[in-house]
Amino acid sequence: MTNQPTPTGTTPQSPELFTWEFATDPYPAYAWLREHAPVHKTRLPSGVEAWLVTRYTDAKQALADARLSKNPAHHDEPAHAKGKTGIPGERKAELMTHLLNIDPPDHTRLRRLVSKAFTPRRVAEFAPRVQELTDHLIDGFAGNGSADLIHEFAFPLPIYAICDLLGVPREDQDDFRDWAGMMIRHQGGPRGGVARSVKKMRGYLADLIHRKREALPDTPTPGEDLISGLIRASDHGEHLTENEAAAMAFILLFAGFETTVNLIGNGTYALLTHPEQRARLQTSLERGETALLATGIEELLRYDGPVELATWRFATEPLTIGGQHIAPGDPVLVVLAAADRDPERFADPDVLDLGRRDNQHLGYGHGIHYCLGAPLARLEGQTALATLLTRLPDLELAVDPAELRWRGGLIMRGLRTLPVEFPPGARHRSSHPAGY
């Protein structure tokens, strides 16, 4: 399907968006929008009206456009839309000052400070712990012959990993798992449950940061946790305030765990439903190779990534995207899932090809708001998939794909459950490919 305008005089029927059927497979609807209404104004389930940007070129432009602010203060919102454009409960929990909600120069200052603590080296040094957690979780269900890979694997892995990285004591991590579980259920939990969980998590992090600041040694110790690194981070004498550090720790956890849950869940599902690609990757892993795993993670991010729509942006002045006029105060949502299937950018975009080379997908955004936690998510995704396929080589779906249900929600895309079956037992941990 090419990106051609609708012929004059025709009125094609637009697809219905944000239904359960749409959530199962949104890609045909996004293909229609790319062709007929690439910048499309719609009313979201929350009642908020927003522009959906679906073509790759337009999406990349919008993600880097300084006239599109991340600050909800720029939203020209009617009364019925108050508080419906961010993370539930973040306003009441004083969590607004984080990288997803601010613009330069504040964004520049905070990102520079956070980047001093959340370094590629810190992520690389964390790889053995991610492998240890991955093995431990697989050990927990390998003898059963079946598992729900979302609840028993994809969900706990990033929660415990980010808790360890941040420096949350082991005895408190189950509380984080409960709070995160409430947040990820979205509409499936009790009314107000998400906001309460956000508030509890925010309160805990504020207290933990205060305690760590009080006990922080003068010089860093080997393997120092990320919260201590955030407290210690300095730039020309500037430090993060305790409120800023708490908001940063929260958003690293909030933005980092659900994206990784979905990367592992969606990625495993894609491999299980594309047996030739799964066999290709398993053969590569058995040879001790890692190149196909690296390109494969990028292809899984493009093909059915964990973030369906980029987080909210608001026009600060009149602008044009894809020939469409956007008024000041209008919300704009860049549809990453649509852009990453654009045939004008990707050859055979609906085909899963783990060896795809020209793969500048937008799965983790673009521009100054490119996901800070992408290296950690890639590490966790590669480790999880490599270990699953190596230790449970006969893994299969336990249900018909039509029986699977996707979580309702606007920004993220992920499965509620992923039931699998396999011969009981698992290959020994030492069978991992070199480097894993």
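Numbering starts at 1 and runs along the sequence shown. Model, not experiment: these values are computed from the prediction.
The distance from the CH2 atom of Trp312 to the NZ atom of Lys70 is 10.5 Å, given to the nearest 0.5 Å. Distance check, rounded to the nearest 0.5 Å: CZ of Arg43 to CG of Leu17 gives 13.5 Å. Rounded to the nearest 0.5 angstrom, Leu137 CG and Leu388 CG are separated by 10.0 Å. Distance check, rounded to the nearest 0.5 Å: CG of Leu157 to NE2 of His136 gives 11.0 Å.
Judged as a salt bridge (charged side-chain N to carboxylate O under 4.0 Å, His left out), not a single pair has a partner in residues 395-405 (not counting sequence neighbours). Within the structure, no pair that satisfies the salt bridge (charged side-chain N to carboxylate O under 4.0 Å, His left out) test touches residues 146-160, not counting sequence neighbours.
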Does the pair Met412 and Thr259 meet the rule for a side-chain contact (heavy atoms from CB on, under 4.5 Å), with working shown?
CA-CA 7 Å; Met412 302 291 184; Thr259 53; 3.7 Å; yes

Decide side-chain contact (heavy atoms from CB on, under 4.5 Å) for Gln282 and Arg278; before the verdict, give the C-alpha distance in whole Å, the side-chain angles of both, and the deciding distance to 0.1 Å.
CA-CA 6 Å; Gln282 283 182 299; Arg278 175 247 188 98; 2.9 Å; yes

Could you give me the CA-CA distance, side-chain angles and deciding distance for His151 and Thr417, then say whether side-chain contact (heavy atoms from CB on, under 4.5 Å) is met?
CA-CA 7 Å; His151 292 283; Thr417 61; 4.1 Å; yes

Check the pair Leu333, Val53 against side-chain contact (heavy atoms from CB on, under 4.5 Å), reporting the backbone distance first and the verdict last.
CA-CA 6 Å; Leu333 290 167; Val53 179; over 6 Å; no

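With hydrogens and angles disregarded, no donor-acceptor distance shorter than 3.5 Å links the side chain of Lys212 to the backbone of Ile227. Judged by distance alone, the side chain of Arg356 and the main-chain N or O of Gly296 form no donor-acceptor pair under 3.5 Å. Distance alone, capped at 3.5 Å, is enough to place a donor-acceptor pair between the Thr273 side chain and the Ala270 backbone. Although no hydrogens or angles enter the test, the distance criterion places a donor-acceptor pair under 3.5 Å between the side chain of Arg313 and the main chain of Thr311. Ser228 contributes no side-chain N or O that, together with a main-chain N or O of Glu224, makes up a donor-acceptor pair within less than 3.5 Å. Side-chain atoms of Thr24 come within 3.5 Å of backbone atoms of Trp20 as a donor-acceptor pair (strictly under, hydrogens ignored).
Residues meeting the salt bridge (Lys or Arg N to Asp or Glu O under 4.0 Å) test with Arg67, sequence neighbours left out: Asp65. With sequence neighbours excluded, no residue forms a side chain to side chain donor-acceptor pair (under 3.5 Å) with Glu317. For Glu308, there are no salt bridge (Lys or Arg N to Asp or Glu O under 4.0 Å) partners at least two apart in sequence or on another chain. Looking at residues two or more places apart in sequence or on another chain, you find no salt bridge (Lys or Arg N to Asp or Glu O under 4.0 Å) involving Asp58. Applying the ring pair (Phe, Tyr, Trp, His ring centres under 6.0 Å) rule to His40 yields no partners; only residues at least two apart in sequence or on another chain are considered. With sequence neighbours excluded, the residues satisfying side chain to side chain donor-acceptor pair (under 3.5 Å) with Asp164 are Arg129, Arg170, Gln173. With sequence neighbours excluded, no residue satisfies ring pair (Phe, Tyr, Trp, His ring centres under 6.0 Å) with Phe422. Taking Phe176 as the reference, Trp179, Tyr204 meet the ring pair (Phe, Tyr, Trp, His ring centres under 6.0 Å) condition, with sequence neighbours excluded. Partners of Phe22 under the ring pair (Phe, Tyr, Trp, His ring centres under 6.0 Å) rule, at least two apart in sequence or in another chain, are Phe18, Tyr30. With sequence neighbours left out, Glu125 forms a salt bridge (Lys or Arg N to Asp or Glu O under 4.0 Å) with Arg121.
Between the side chains of Asn359 and Tyr303, no donor-acceptor pair of N or O atoms lies under 3.5 Å. Ser284 and Glu289 share a side-chain donor-acceptor pair at under 3.5 Å. Using a 3.5 Å distance cut-off with no hydrogens or angles, the side chains of Tyr27 and Asp304 do pair a donor with an acceptor.
Across all non-hydrogen atoms, the minimal contact from Leu410 to Leu309 is O-CD1, 3.3 Å. The two residues Ile150 and Arg416 have their closest heavy-atom pair at CG2-O, 3.7 Å. The two residues Leu336 and Ala310 come nearest to each other via the heavy atoms CG-N, 3.8 Å. Closest approach of Leu395 to Leu272, counting heavy atoms only: O-CD2, 3.6 Å. Pairing each heavy atom of Ile297 with each of Gln382, the nearest pair is CG1-CG, 3.3 Å. Contact between Glu380 and Ala161 at its shortest, heavy atoms only, is OE2-CB, 3.1 Å.
Using a cut-off of 4.0 Å between Lys/Arg side-chain N and Asp/Glu carboxylate O, Asp353 and Arg280 are scored as salt-bridged. Using a 4.0 Å cut-off between charged side-chain N and carboxylate O, Asp358 and Arg345 make a salt bridge.
Within 6.0 Å of NZ in Lys200 there are 12 or fewer heavy atoms belonging to other residues, nucleotides or ligands.
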